[in-house]
Amino acid sequence: MIRMTEPSKITSQNVPDHQPAAGGIAARARASVGPKYLSGLNPEQREAVETLDGPVLVLAGAGTGKTRVLTTRIAHILSQGRARPAEILSVTFTNKAAREMKHRLGQMLGHAVEGMPWLGTFHSIGGRILRFHAELAQLKSNFTVLDVDDQVRLLKQLLQAENIDDKRWPARMLAGLIDGWKNRGLMPSQVPSGEAAVFANGKGGKLYASYQERLKILNAADFGDLLLENIRIFREHPDILRQYQQRFKYILVDEYQDTNVAQYLWLRLLSQAPSQPALPVAAAPDAIDDPSRDAALAAQALAPAAARLKNICCVGDDDQSIYGWRGAEVDNILRFEHDFPGAKVIRLERNYRSTGHILAAASHLIAHNEGRLGKTLRTEDQDGEKVTVTGSWDSEEEARGIGEEIEQLQRQGEKLNEIAILVRASYQMREFEDRFVTLGLPYRVIGGPRFYERAEIRDALAYLRVINSPADDLAFERIVNTPKRGLGDGDATVQMLHDHARKRRIPLFEAARAVVETDELKPKARGSLRDLVAQFDRWRAQREVTAHTDLAQIVLDESGYTEMWQKDRSADAAGRLENLKELVRSMEEFENLQGFLEHISLVMDREGGAEDDAVSLMTLHSAKGLEFDNVFLPGWEEGLFPSQRTLDEQGRAGLEEERRLGHVGLTRARRRAKIYFATNRRIHGTWSTTIPSRFLDELPAANVEITESKGGSAWGGTGGYGASRFDDMEAFGSSYSTPGWQRAQANRNRGGGRSGGGRGGFEEEATTFSTSSSSGPDFGSFSSRRRGPLTIEGELVAKSTGTTSEFSLEDRVFHQKFGYGRVTKIDGNKLTIAFDKAGEKKVVDSFVQRA
């Protein structure tokens, strides 16, 4: 007999909640009838897409389909009718990511996605909101957004008004401080007194306030204001905040681990339910001396008890937070469950990019970090090749060894587009670039200019080019006012020199030599230009008795160029100084300045036009979001990686970020990851014996293979790290066909090569060209002997400034600046003229005409 339960006694406790088991019949059946855009998602991805209620954190490891989950979630919200396009706030970090999301949504839903005005970057959306409410920020809706150059120019004006020495306290340094304060959501009144004291003996806070006032007068805002003013408006006007809270039914955030404090506060305000009480205006305390506490204290101020939070979904990876140096707070993602009580955390751990050994190595490395939420990447693909670790004698052998491996991969049919070299510091690129030119391997630099294209390198080379050839007008024009020399309007001065040089048919340098003996320029500008001409004369004389590397360092120091970057407080100034040191170091490989500059000409010539198939060269920071079949990771040494500067400035937090950077580097590789370290490396101009990075001992032995370098030793023998590629070949008897080999073979056949003493075998000689023939350089005449300075036609012309003037004594003339006058003295092409109003002046005859 079956006993029936009375209806009145049936309660919710009698029937437990049910969810289809993952992979079960119900789950598979539901998937078969679901929308097409859900097909192909793994269970964790599908859970992240379909969990639409309440706060959700999607921990998406490298290569786990993060972007697909984010765009599919938006498509699911729209297709299910949970919100209209204008009711979804979707925030990305780049415009490119926003465009890609819109494109993918159009493909998923079968039509172009229209009406999604709130899909964009933090700053684009913040700017849109600020224009709607500009009057509340004392602005007009057509306000201008200043770029960094305009910002620095405005701050220079404020420093001058306060009689602050802008050489001791650079405007760019103040711009960096203000940007940092705005990234932390601090208005001028909220800047801690201890931090304000860092600039101009305590005037930093006052200057920040003056800067903000000046922006209002100019009807302008900088990028930091686009969010900072949003936060202030939301706090001071709860009714406006409530409008946006009601408008956005769903909030989605990409790369949440890279958010700074201001972005965090902005999201926290918008993610609260509209019914919550108004927030206090001063949510960020005035006396915060520890920047690392900003996010935590702000969160406490913004999170009332039992707050009902909206539908916010943040996608990110705490193991890929590598931008702490520009204000990103990894604590934002680590605190998610605390900030959003009851949040659901979904881990995407199935990697669709890398092989098993690579993932195991990356996971084992990152597991040494304490500040992480924890996840382990896995793959259903094969284990593949083990991660290799290779030691080399020095950085030159490292570059040779990697070049050899790349050529080997190329012979095996690998595309160069699928090969990348990821360095920790940009100055490491120089040796690889030089090596690739030698081998004839095309390459591209991603995330920045090539080494010899960098502004500081071009400037330094311009100085050396003028020393080598005074007739090099392009080089002289580049550095005549770099650093600033008090030439007033530098462009007007250069134009004057051009006019004179064109009329007299002489180089700019000799035009400058002539003009400084006249009254054409104001006394200060004339004195500065005269000093520069004298400096070049002195450097040119020193060239005869000073090593070219020492001369380059003297030029950079005496010209004030090194000092200019030492005083620059921008984030990239230190890197520029390192690049200058690397440039001087690279000159040691050449016999003289002439040979070095000819090598640079070859490199720069190779840099014309983009190659279809080329090796990618970039820093680890620039590699985030990219992937390649083969990844080379050179420079894994203590002091370089992890960076000693980062460890000194940030301690354990810096070490953990460096480790995350290593994790990012490894997970860029699909099939092969190859780590290199050097036993000797030039650091700050001095050779140092280095020790392998601590990160190498944190890799799992079962997934790593130790290999020998293929680059040969630094002196041409086998050393201890492997043989040179030439050791197993008879002297030039191979059919090896790279351009570098062919040039070396041709050089040897002409009798110009060295035997045995090169670096890793026969290297290209620094070529010197004979210019004895009027028909031009003889490119077939090679010599390895040291030669004296060459005389070329340009230099002969440069010295022909003593020509006789076409004017005569007592001639009546007119000068554009000084007016009418008569010639009283003639010295070659320089005239002394008694002007009717300006008095007696010395001018160059090309600047006057007969009256």
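Worth knowing before you read on, the calculation uses all heavy atoms, side chains too, and leaves out hydrogens, waters and symmetry mates.
Side-chain contact check for Asn230 versus Leu130: some heavy-atom pair is nearer than 4.5 Å. In this structure, Leu57 and Ile333 have side chains that are in contact, with non-hydrogen atoms separated by less than 4.5 Å. Two residues are said to be in side-chain contact when any heavy atoms from C-beta on lie closer than 4.5 Å; Asn183 and Val261 fail this criterion. Between Asn311 and Leu52 there is no side-chain heavy-atom pair separated by less than 4.5 Å. Between Leu119 and Ile88, every side-chain heavy-atom pair lies at or beyond the 4.5 Å cut-off. Ile129 places none of its side-chain heavy atoms less than 4.5 Å from the side chain of Leu226. The shortest distance between side-chain heavy atoms of Gln263 and Leu227 falls below 4.5 Å. A heavy-atom distance below 4.5 Å is not found between the side chains of His364 and Leu359.
With hydrogens and angles ignored, the 3.5 Å screen pairs no side-chain donor or acceptor of Arg372 with any backbone N or O of Ala367. A side-chain donor-acceptor contact under 3.5 Å links Asn42 to the backbone of Gln45. The backbone N or O of Ala75 sits nowhere less than 3.5 Å from a side-chain atom of Gln80 that would complete a donor-acceptor pair. Checked by atom type and distance alone, the side chain of Ser363 never pairs as donor or acceptor with a backbone atom of Ala360 at under 3.5 Å. At least one donor-acceptor pair under 3.5 Å links the side chain of Gln190 to the backbone N or O of Met187. A donor-acceptor contact shorter than 3.5 Å links the side chain of Arg73 to the backbone of Thr51. Checking side-chain atoms of His76 against main-chain N and O of Val49 turns up no donor-acceptor pair under 3.5 Å. Remark: the backbone N or O of Pro238 is not paired with any side-chain donor or acceptor of Arg235 at under 3.5 angstrom. Between the side chain of Thr92 and the backbone N or O of Thr94 there is at least one donor-acceptor pair closer than 3.5 Å. Thr72 places a side-chain N or O within 3.5 Å of a backbone atom of Arg68 that can act as its donor or acceptor partner.
Not a single ring pair (Phe, Tyr, Trp, His ring centres under 6.0 Å) links His103 to another residue, sequence neighbours left out. Residues passing the ring pair (Phe, Tyr, Trp, His ring centres under 6.0 Å) test with Phe93 are Phe122, sequence neighbours excluded. With sequence neighbours left out, Tyr208 forms a ring pair (Phe, Tyr, Trp, His ring centres under 6.0 Å) with Trp181.
Legend: salt bridge (Lys or Arg N to Asp or Glu O under 4.0 Å) pairs involving residues 213-227, not counting sequence neighbours, sorted by first then second residue: Lys182-Asp222, Lys182-Asp225, Lys216-Glu229. Applying the salt bridge (Lys or Arg N to Asp or Glu O under 4.0 Å) test to residues at least two apart or on different chains, the pairs with a partner in residues 253-265 are Lys66-Asp254, Lys66-Glu255, Glu255-Lys624, Asp258-Lys624. Sorted by first and then second residue, the salt bridge (Lys or Arg N to Asp or Glu O under 4.0 Å) pairs with a member in residues 52-62 read Asp53-Arg82; sequence neighbours excluded.
Judged by distance alone, the side chains of Thr259 and Asn332 do bring a donor and an acceptor atom under 3.5 Å apart. In summary, the side chains of Arg335 and His338 do present a donor paired with an acceptor at a separation below 3.5 Å, with no hydrogens or angles considered. A side-chain donor from one of Asn219 and Asn142 sits under 3.5 Å from a side-chain acceptor of the other. In this structure, a donor-acceptor pair under 3.5 Å is absent between the side chains of Tyr264 and Asp331. Side-chain N/O atoms of Tyr37 and Thr71 include no donor and acceptor closer than 3.5 Å.
Figure legend: Arg131 and Phe143 shown as a cation-pi pair, the cationic atom lying under 6.0 angstrom from the six-membered ring centre and within 45 degrees of its axis. With a 6.0 Å cutoff to the six-membered ring centre and a 45° limit on the axis angle, Arg268 counts as a cation-pi contact of Phe340.
The minimum heavy-atom distance linking Gln257 with Ser321 is given by the pair O-OG, 3.3 Å. Gly185 approaches Ala262 most closely through the heavy-atom pair N-CB, 4.0 Å. Nearest heavy atoms, Pro55 versus Pro341: CG-O, 4.4 Å.
Atom CD of Glu50 and atom CG of Leu38 lie 5.5 Å apart (nearest 0.5 Å). Going from atom CZ of Arg668 over to atom CG of Leu626 covers 7.5 Å, rounded to the nearest 0.5 Å. Summarising the geometry, atom CD1 belonging to Ile322 is positioned 15.0 Å from atom CD belonging to Glu656; distances are rounded to the nearest 0.5 Å. Taken from CD1 in Ile446 to OG in Ser616, the straight-line distance is 3.5 Å, to the nearest 0.5 Å. One distance of note links CD of Gln243 with NE2 of His133; it measures 6.0 Å at 0.5 Å rounding. One distance of note links OG of Ser90 with CH2 of Trp118; it measures 13.0 Å at 0.5 Å rounding.
The pair Arg242-Asp239 does not meet the salt-bridge criterion, since no charged nitrogen lies less than 4.0 angstrom from a carboxylate oxygen. Between Glu627 and Arg353 there is a salt bridge, since at least one side-chain N of the basic residue sits less than 4.0 Å from a carboxylate O of the acidic one. Under 4.0 Å is where a charged nitrogen must lie from a carboxylate oxygen, and between Lys96 and Glu100 no such pair does. Using a cut-off of 4.0 Å between Lys/Arg side-chain N and Asp/Glu carboxylate O, Arg347 and Glu47 are scored as not salt-bridged. Salt bridge Glu44/Arg350: absent, no basic N to carboxylate O contact under 4.0 Å. Asp318 has no carboxylate O lying under 4.0 Å from a charged side-chain N of Arg660, or vice versa, which leaves the two without a salt bridge. A salt bridge links Glu349 to Arg378: at least one charged side-chain nitrogen sits closer than 4.0 Å to a carboxylate oxygen.
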Quick one, Val69 with Arg46, criterion side chain to side chain contact (heavy atoms under 4.5 Å, CB included). Give me CA distance, side-chain angles, the key distance, then yes/no. CA-CA 8 Å; Val69 166; Arg46 181 152 184 166; over 6 Å; no

Derivation of the salt bridge (charged side-chain N to carboxylate O under 4.0 Å, His left out) call for Arg670 and Glu418: CA-CA 9 Å; Arg670 296 193 196 101; Glu418 291 300 334; 2.6 Å; yes

Going through the checks in order, is the side chain to side chain contact (heavy atoms under 4.5 Å, CB included) test met by Leu59 and Val345? CA-CA 7 Å; Leu59 280 179; Val345 179; 4.1 Å; yes

Take Leu267 and Ile251 through the test side chain to side chain contact (heavy atoms under 4.5 Å, CB included) and record every step on the way to the result. CA-CA 9 Å; Leu267 285 168; Ile251 298 176; 4.3 Å; yes

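By the 30° and 60° cut-offs, the orientation of the rings of Phe223 relative to His123 is perpendicular.
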